[in-house]
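Working notes for the structure below.
Each chain gets a letter, A, B and so on, in the order the sequences are listed, and its residues count up from 1.
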Amino acid sequence: MPEYVEYWGIPHQWGSPSILVYSVMFLAAGILLVRFFLKARLWWKAGRSESRWDRIPTRIWYLIKYGIIQARVLRQSYPGVMHVAIAWSFFILFLGTALATIHSHFFRFLSGSVFSFYKLALDLATILFLVGAVLAIYRRYVTKPERLTYQPQFTWTLVLLVLIVLGGITTESLRLAVEQPVNAAWSPAGWLLARGFLATGASTEVLTNLHLYVWLVHLLIVATTILTLPVGSLFHVLTGPLNIFFAELERPTGTLPPTPTTADGAPIYVSKLNQLTWKQILNGDACTECGRCQDACPAHGAGYILNPKELILGIRSLMDRVKSGQAGYDLPLLDNPGLSQEALWACTTCGACITECPVLIEHIDTIVELRRDLVIEGSIDGELQDALTNLGRYGNSFGQSPRKRAQWTEGLEQPVKDATREKVEYLWYVGDYASYYPSLAELTRKTAAVFQKAGIDFGVMFKGENNAGNDVRRVGEEGLFEMLVEKNIKAMERCDYQAIVTTDPHTYNTLLNEYPFPEKRPILHYSELLAQLIEEGRIQFSNPLNFRVTYHDPCYLGRYNGIYEQPRKVIQATGCELVEMPRTRDRALCCGAGGGRIWMDEGNVKERASESRIREAAELDKVDYFIIACPKDYTMFQDAVKTTGFEESLKVLDLIDLVDKAI
Amino acid sequence: MTEIVVIARLVPDLVEELEIAPSGKALDRSWLRLIINEFDNHAIEQAIIIKERSGAKVTVISPDAEGVEDMLYSSAAKGADRLIKLTGLDEEKKPTNKSLAQSLAGLIKEINPDLILTGVQANDDLTGDLGPQVADLLDMPYVGYISGVSLEGSTAKALKEYPGGLLAEMEISLPAALGIQASEEPPRYVAISKVRQMMSTANIEEISAGELDTEGEFTIERMYLPEAAEKAEMLEGSEEEIAAQLTSVLEDLGLL
Amino acid sequence: MTQDIYVVIEHIQGKVSDISYIMTAAAKDLAQHEGGEVVGILLGSNVSHLKDNLALDRVILGEHPDLKDFSSDAWKRTLLAVFAEYSPRAVFFGNTTIGSDLSSSIAAHQDCPIINHCIKISDQGLVTSQICGGKIMTDSQLSEKTTLISMIPGGYKPEEGQGGPPRDVVEFPVPDLSDLKVKVAQYIEPDTSDVDISQEKVLVAVGRGIQTEDNIELAQELADLLGGTLCASRPVIDQGWLPTSRLVGKSGKSVKPDLYLSLGISGATEHLEGITGSKTIVAVNSDPDAPIFDVAKYGIEVDLFDLIDPLLEKIEAAKGG
Ligand SMILES: Cc1cc2nc3c(=O)[nH]c(=O)nc-3n(C[C@H](O)[C@H](O)[C@H](O)COP(=O)(O)OP(=O)(O)OC[C@H]3O[C@@H](n4cnc5c(N)ncnc54)[C@H](O)[C@@H]3O)c2cc1C
Ligand code: SF4
Ligand code: SF4
């Protein structure tokens, strides 16, 4: 019966080879651990403390889901297959080595059919690895996507991995060639190679000697790989899972952390390396440089200097400077590669980077925290300053009188209730754009009319409403955000209502995730309300539309809050045929207006995100309507269809337009 | 240490509709929303710029009005050292600038500043501009429409705008009062949390304006809203006719 | 106190400013009600010829080398001496970068009232002022003391104050002007290397209605003829047909010309934001509902290409004639 043989073909005249192997491996692992510790120690030394030890079971589940199964990695097919082929095959090969060790020292079980299966599994893993490696080589040296980092360390890593696996299969096949065991066919790849060796007519002795040399080299390469792990691109094998394990679980993406404070309560505005938390610094070392965030980033795509990958790597390179003793922990963060004011302001806080990142890096928290410092220092562009000043003064970014907030209601057949005076079922939080933006007034009236037709009992707060502050907070003006929250909560407390509805996903997000309501009541996006009304039969369509349409998921509705189905249900209920864009649902491209971008100077832009989005929609077959579910989107895309010249062929419509037409 | 006094006032916010009081001779103040006079905001900024450049103690003085504390605290957040609120003013009636200037001059005399900065004008100043009046009462020279000041020994070098975009560099001997049109850099943004922090740390001194002298003033017979401007007047006719009409419009505007 | 109405004549770089004619026109109106004469005060150095075209009854001429440049100190000292000698019923100053340095300061010195932002003398002889950015009007009655009036343009055309030459010229002995506290160190001419559309008086603005890059030339021709500058809405800038420095609106510049002639611009909010400071907006657009007509003073609903040629002709004719 075939059985696993320890150190087959390795001469024992200097004692058992395991002494050699273990001493090399333990030495390598020991050095690795020390090096890792020296690096990791700095995260805690440099960074502010922050507890991430809660909910251990969830953290372990995350580790399995994102670290082992690699759910995020698999979001993209080519790089996904490539990476899991390499990673999973290594898991298996590693497990194989571990089992062999158990077999040798503790419990002999690798014999007979178990052993055959064992061999088969390892052999298949080898093939799997080779598939992954070929994909990787093709990608890195032939297709060369822009998002990758092209540095020698990646080549080294790939070479080392390939050599390890080739070394493994070669030793194995040499053994097979010499031994020609009965279960040789269970190692199909190895046996194939072995037959090659046999075909050369080399003697058993030659093959056995060759086996020894290859084995030694293999051993050394494994040791080298372990030793160089902390400096090469394989470091993510350690830091990635660590970062995943310590991911933020407490807050949803839609909730930003408040400004951190020192022990005696003074606010910390982050401008230096040591004002980041250890976790934010760990982000830098955990980044795999995969560039998924870069690819997804609308700001990067539009040609702005922001690149979320570079931003995170910027933190890493600052830490590298600290490690090499070139600088202290209080290094200023900005004016460094990847980290500049311009880059920070370009972020739309769309969340695409966060959604893509395989190791769960939290870019936006860092970006917003750095913005907070710029706001405190007054380093903001003139337009943003005007908007913030207006928001402070009038509660809206337009600098309009609060008394004019409900001016859009003029011309409605049925008056709108004042929720601050009368009891209503739904408190409609209208939001700045829908309230003040002249070309949206019509749409806002339409929304009111549809609500009225559906017999909804609703009201608005008239001058009592202020901007909800979602983007104020994301701009980094935390004090103003708090002030707006106070005012709005006070105004809402005066109202008697059952639920809040809003058309604005930004407002929706902050009300849902950030407002400290003393008493929780449902908060609905109008798409949710419409879907509900349609389901209950309170809205019925007598005029099916038969349009071919596509739908743009607003970031703060979709990615942030997972509302994907309701708007689609509404669209389909109106009789439209929905054609999805390639970037849809949580992959949807941001319109470019979020995170306060709509208030800022546009700067030099290659192609606006909104235009790229419109082009994407225009490429769909025979789609005439571009459906949106956010007032800001309406302004952004109305503009974009004009500037891209698709004004005639692609019409921008709001969800409510469809409902209104179909009723 | 150089002493700079900034006089900053709140003015009606033109974003809101303005209403006339039942008397027909004044603004209805119950409807008014007040905001900082934008030019005064620039004056504060200019004072802070001078302070940051060459050192100075900056005192901001404001006549009491609704919202004046916020304005003073936000000046403190920008870097003002001393905040004074001029109290005891009639809330229903805007004081004449002459009477206000007299009151301010008395107060400022005690501070004995090297430089007084204030906005070159305020949108509701019917009774002259405040800055020149204060300057005269303190026997200081006054220059207005300034867009940048630096102090060199006992002179202020200031950029003054002349009609037609011409600029002049003025030399003004100190002590002097300047009417600021624009600060060298646009007024900085102060984060709300900084203002809130000032509310708990900074101190606003309250000083009474005293009796105001309103003798010898002109009388306002009537205050009213101008006739509303309508939609565009459409020029009609054939293209030729329209071109002719437009040409005469341009002529009337003195453009040809 | 006499019943005479005085006007402090402003001039810059050897030319009488428009505001001086406007003040003269207003002074004539006021003099009719008060029953006095209109007297000009002309200060400067070698400026006596400037009086000739003003519709004044008399002129008080104060000439001195130190009055050449405008030093508020020198002018104030001289004016105080003039007022000590003559006792005007009212004095007009321009609400300008010159007049405003003097009027309120002299009012404080003389302890006499000053009425700001006068735009017109009403039919009843009241001083009509425009305050709060033009949102509020007031009619005021002169005080029994000498009253100073600070004048803004808009109520009179400069021609209404033209005439002359004045009947009488009195040379006034300029007081001691030593130790001036305010001096002009140097003049700085405006930078002309790059057009700053926010400073231009005449702007021709083109929007998407201009359709092609070649058509920009047409608009340029019109602008040249009007002595103005071309600017644009964003689509035109995006096409690269004009440099970004010519963008008007939210992402561009806010402008405040005397004439804003827009061709094929719809009047999106972001654009309108930048043009509210314009004195006269003329809008050409083929769409009668274009929002630009809500803010324009004159609207023209035609195809702009049909209009430009006849317009060029008419303007040329008007200029030539
Ligand atoms: C965040 C943001 C910032 C922006 N900032 C700015 C900004 O700073 N400045 C700016 O201008 N825009 C800005 N925009 C764009 C703005 O919303 C409008 O899209 C833009 O102003 C429209 O330009 P337009 O009027 O030239 O084009 P359109 O809106 O397409 O209007 C063209 C007009 O020309 C008329 N027309 C067509 N042919 C003719 C003809 N033959 N004769 C006469 N009329 C004709 C049409 O009736 C139409 O009214 C911004 C938009 C966003 C979202
Ligand atoms: S949030 Fe969006 S815009 Fe900001 S860095 Fe991430 S992907 Fe880019
Ligand atoms: S931050 Fe995340 S998504 Fe971006 S490059 Fe690094 S690992 Fe990839």
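A 6.0 Å sphere centred on CD of B:Glu17 holds no more than 12 heavy atoms belonging to other residues, nucleotides or ligands. Atom NZ of C:Lys135 has more than 12 neighbouring heavy atoms from other residues, nucleotides or ligands inside a 6.0 Å radius. Within a 6.0 Å sphere centred on NZ of C:Lys145, other residues, nucleotides and ligands contribute more than 12 heavy atoms. Atom CD of B:Glu110 has 12 or fewer neighbouring heavy atoms from other residues, nucleotides or ligands inside a 6.0 Å radius. Within a 6.0 Å sphere centred on CD of B:Glu66, heavy atoms belonging to other residues, nucleotides or ligands number 12 at most.
Expressed to the nearest 0.5 Å, how far CE of B:Met170 lies from OG of C:Ser71 amounts to 6.0 Å. Separation of atoms OG1 (C:Thr96) and CD (B:Glu161) is listed at 10.5 Å; rounding is to 0.5 Å. Here C:Thr147 contributes atom OG1 and B:Phe218 contributes atom CZ; the two are 8.5 Å apart, rounded to the nearest 0.5 Å. Atom CG of B:Leu246 sits about 9.5 Å away from atom OH of C:Tyr298, to the nearest 0.5 Å.
Residues satisfying the side chain to side chain contact (heavy atoms under 4.5 Å, CB included) test with C:Asp179, not counting sequence neighbours, are none. Every residue two or more places apart in sequence or in another chain was checked for a salt bridge (charged side-chain N to carboxylate O under 4.0 Å, His left out) with B:Glu185, and none qualifies. Applying the side chain to side chain contact (heavy atoms under 4.5 Å, CB included) test to B:Ser54 and every residue at least two apart in sequence or in another chain returns B:Ile50.
Looking at C:Lys319, C:Lys314, C:Glu313, C:Glu316 one by one, the single match for side-chain contact (heavy atoms from CB on, under 4.5 Å) with B:Thr247 turns out to be C:Lys314. With C:Asn116 as the fixed residue, the side-chain hydrogen bond (donor to acceptor under 3.5 Å, both in side chains) test singles out one of B:Asp125, B:Thr127, B:Asp129: B:Asp129.
Counting heavy-atom pairs under 4.5 Å between each of C:Lys297, C:Gln130, C:Lys279, C:Glu159 and chain B puts C:Lys297 at the top. The greatest number of non-hydrogen atom pairs below 4.5 Å with chain B, out of C:Thr128, C:Leu311, C:Leu142, C:Ile106, is found for C:Leu311. The residue among C:Asp111, C:Ile308, C:Leu261 with the most heavy atom pairs within less than 4.5 Å of chain B is C:Asp111. The choice from B:Asp124, B:Thr155, B:Val11, B:Leu18 that makes the most heavy-atom pairs within less than 4.5 Å of chain C is B:Leu18. In terms of heavy-atom pairs under 4.5 Å with chain B, the best-connected choice from C:Ala107, C:Ser143, C:Cys112 is C:Ser143. For the options C:Ile136, C:Leu307, C:Leu225, heavy-atom pairs under 4.5 Å to chain B are most numerous at C:Ile136. Interface remark: of the candidates C:Leu259, C:Leu312, C:Leu226, C:Leu259 forms the most heavy-atom pairs closer than 4.5 Å to chain B.
Neither the backbone nor the side chain of C:Asp73 comes within contact range of chain B; no heavy atoms are under 4.5 Å apart. Only the side chain of B:Leu159 comes within contact range of chain C, with at least one heavy atom under 4.5 Å from a heavy atom of that chain. When heavy atoms are compared at a cutoff of 4.5 Å, C:Val282 approaches chain B solely by way of its side chain, counted from C-beta outward. Contact of B:Leu27 with chain C is made through the side chain alone, with heavy-atom distances under 4.5 Å. Proximity to chain B is limited to the side chain of C:Lys76, based on heavy atoms less than 4.5 angstrom apart. Heavy atoms of C:Val184 lying under 4.5 Å from chain B belong to its backbone as well as its side chain. Looking at C:Thr280, only its side chain comes within 4.5 Å of chain B, counting heavy atoms on both sides. For B:Glu171, the parts sitting under 4.5 Å from any heavy atom of chain C are the backbone and the side chain alike. Interface remark: B:Glu236 contributes no atoms to any contact with chain C (heavy atom separation under 4.5 Å).
For the pair C:Ile300/B:Met234, no side-chain contact is recorded, criterion being any heavy-atom separation below 4.5 Å from C-beta on. Considering only heavy atoms from C-beta on, C:His117 stays 4.5 Å or farther from B:Leu126 through its side chain. Taking 4.5 Å as the limit, every side-chain heavy atom of C:Thr138 sits out of range of all side-chain heavy atoms of B:Arg222. Between B:Gln133 and C:Ile114, some side-chain heavy-atom pair lies under the 4.5 Å cut-off. The closest side-chain heavy-atom distance from C:Asp258 to B:Leu253 is not below 4.5 Å. Here the side chains of B:Tyr224 and C:Asp139 are in contact, with some heavy-atom distance below 4.5 Å. Side chains of B:Met223 and C:Met137 form no contact here, defined as non-hydrogen atoms less than 4.5 Å apart. Within the 4.5 Å cutoff, the side chain of B:Leu14 has heavy atoms near those of the C:Cys132 side chain.
Heavy-atom minimum distance, B:Pro132 versus C:Ser105: CB-N, 3.5 Å.
Side chain of B:Lys160 to backbone of C:Thr97: a donor-acceptor contact under 3.5 angstrom is found. Within the 3.5 Å criterion, the main-chain N or O of C:Lys181 finds a donor-acceptor partner in the side chain of B:Ser173.
A salt bridge is absent between C:Lys157 and B:Asp252: the closest approach of a Lys/Arg side-chain nitrogen to an acidic carboxylate oxygen does not fall below 4.0 angstrom.
Residues of residues 134-150 of chain B that come closer than 4.5 Å to chain C, counting heavy atoms only, are B:Asp136, B:Leu137, B:Asp139, B:Pro141, B:Tyr142, B:Val143, B:Gly144, B:Tyr145, ordered by residue number.
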